[in-house]
There are 2 protein chains.
Amino acid sequence: MSREAILDAAEAILRDEGYAAVSSRKVAAVAGLKSKLVHYYFKTMDELFLALLRRVEEQHFAELRKATASGEPLRALWHLSTDPTVPKLHKEFVALATHHEQLRQEIARSAQRTRQVYAAAAESALIVAGLSTSMFPPVAIGMMLDGISRVLSTDKILGLDSGHADAIALVETLLNRLSVSRCEETTDAQQQI
Amino acid sequence: MSREAILDAAEAILRDEGYAAVSSRKVAAVAGLKSKLVHYYFKTMDELFLALLRRVEEQHFAELRKATASGEPLRALWHLSTDPTVPKLHKEFVALATHHEQLRQEIARSAQRTRQVYAAAAESALIVAGLSTSMFPPVAIGMMLDGISRVLSTDKILGLDSGHADAIALVETLLNRLSVSRCEETTDAQQQI
DNA sequence: GTCTATAGGCCGATAGAC
DNA sequence: GTCTATCGGCCTATAGAC
């Protein structure tokens, strides 16, 4: 279907060249269509961006659902967030959202939902580990995981990887503590590292 | 001086409207000059972006030096990284760097230097607190601080603030442990919260 | 250093044929 | 649904006057 081909092309250009390069002409060229057709399916370019964002979000939440259905939701979410393909698109959409109100609202809603998923996973992990959720607010744990994965992905885009092994090891240590231990077993968990 | 006025204007547009909006015409208009003058000082727009990046980096490293000269470098760096004005420019430059090799190299070098500053601050804080730097790699601690401040700033751009108070409180808790305590005093530090 | 003028290109969006 | 053709606009960069 042409509509999907247009979205595929737009996604590729957005990922590879940035939002400024996503023009109706270039999208059409990549999709092997004529530019008029882009305007046939999407009255404006803003509409195209919004449709693409929604498609990306659907895939994203489908993956979140799979992760939360696994035995260790928090660890599954962490591994999901270090997938290198997602953050590049995400960065472009956030940059676009800065000066596009409708996209801003859409992406804010999505970020909010994602945060709740992470917080819920962190909360159940904390409870299982017998740790205080008031000392370690689940939402804050989720934000830390999110944050460190963003640093890792931005670094990768810039061609840096110094400190990455240490950071990943630290996160794994903390995840192990949450999944393996209750308070009393913390020392054992530490010795695993 | 016209050159500085041009850079000021470019910086304002980059911050407020994104890199796609930084054109020689618009820069000139904001600076109250004619567009030809922009090309007189900067042969190409790429040159302008590079010059602006270098100016921003100089200010950034001046602030880093001030922070590391303070009594609590790690805490000073944390407060610096939550300053809302810096990350918006930073995001735009990273987005630009994705498809501009010279900017990519420049910003990668700068990110690398910044990381070392954070890691050094984290290392001395860990040593003062009597904590193992092999269990908690300083560079990873720095990356966590960096990451959480990025999540906070991205959220702010999107108009979100749920979980922010919790995340900031958690970071402050951890910073307090590092600055106040040695191992034995951890319990006291926790009770302060 | 600062200006006017302009070449040459890509852009979004539309009109209207088939 | 798909096409050709085109308008009007903004862009970078340059030539050349003062």
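Just so it is clear: chains get the letters A, B, ... in the order the sequence lines come, proteins before strands, and each one is counted from 1. Computation of the quantities below employed the complete heavy-atom set of this structure, encompassing side-chain atoms and omitting hydrogens, waters and symmetry-equivalent molecules.
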Could B:Arg115 and B:Asp146 be called an ion pair, given the rule that one side-chain N must be under 4.0 Å from one carboxylate O?
yes
Taking 4.0 angstrom as the limit, do A:Glu58 and A:Arg55 come out as a salt bridge?
no
Determine the contact category for A:Thr44: base if any of its heavy atoms lies under 4.0 Å from a base atom, sugar-phosphate if only primed atoms, P, OP1 or OP2 are that close, otherwise nothing.
sugar-phosphate
Do the charged groups of B:Arg109 and B:Glu106 touch, with an N to O distance under 4.0 Å?
yes
Could you tell me whether A:Phe42 contacts a base, only the sugar-phosphate backbone, or nothing, with contacts defined as non-hydrogen atoms closer than 4.0 Å?
nothing
How close or far is atom P of D:dC11 from atom NE2 of B:His39, stated in whole angstroms?
11 Å
Are B:Glu92 and B:Lys88 within salt-bridge range, i.e. N to O under 4.0 Å?
no
What's B:Val22 touching, base or sugar-phosphate or nothing? Going by heavy atoms closer than 4.0 Å.
sugar-phosphate
Atom-pair distance (CG on A:Leu37; C1' on D:dT4), nearest Å
13 Å
Atom-to-atom span, CZ of A:Arg25 to P of D:dA5 - whole angstrom
14 Å
Would you compute the distance between atom CG of A:Asp155 and atom CZ of A:Arg150 and round it to the nearest 0.5 angstrom?
14.0 Å
Indicate, with a heavy-atom threshold strictly under 4.0 Å, whether B:Ser2 touches base, sugar-phosphate, or nothing.
sugar-phosphate
Name the residue closer to the 5' end of DNA chain D, choosing between B:Asp46 and A:Tyr41 according to the nucleotide with the nearest heavy atom.
A:Tyr41
Outer limits of DNA chain C sitting under 4.0 Å from a non-hydrogen atom of chain B, read 5' to 3', are C:dG1 to C:dT4
Do the rings of A:Tyr19 and B:Tyr19 sit parallel, tilted or perpendicular, given the 30° and 60° boundaries?
tilted
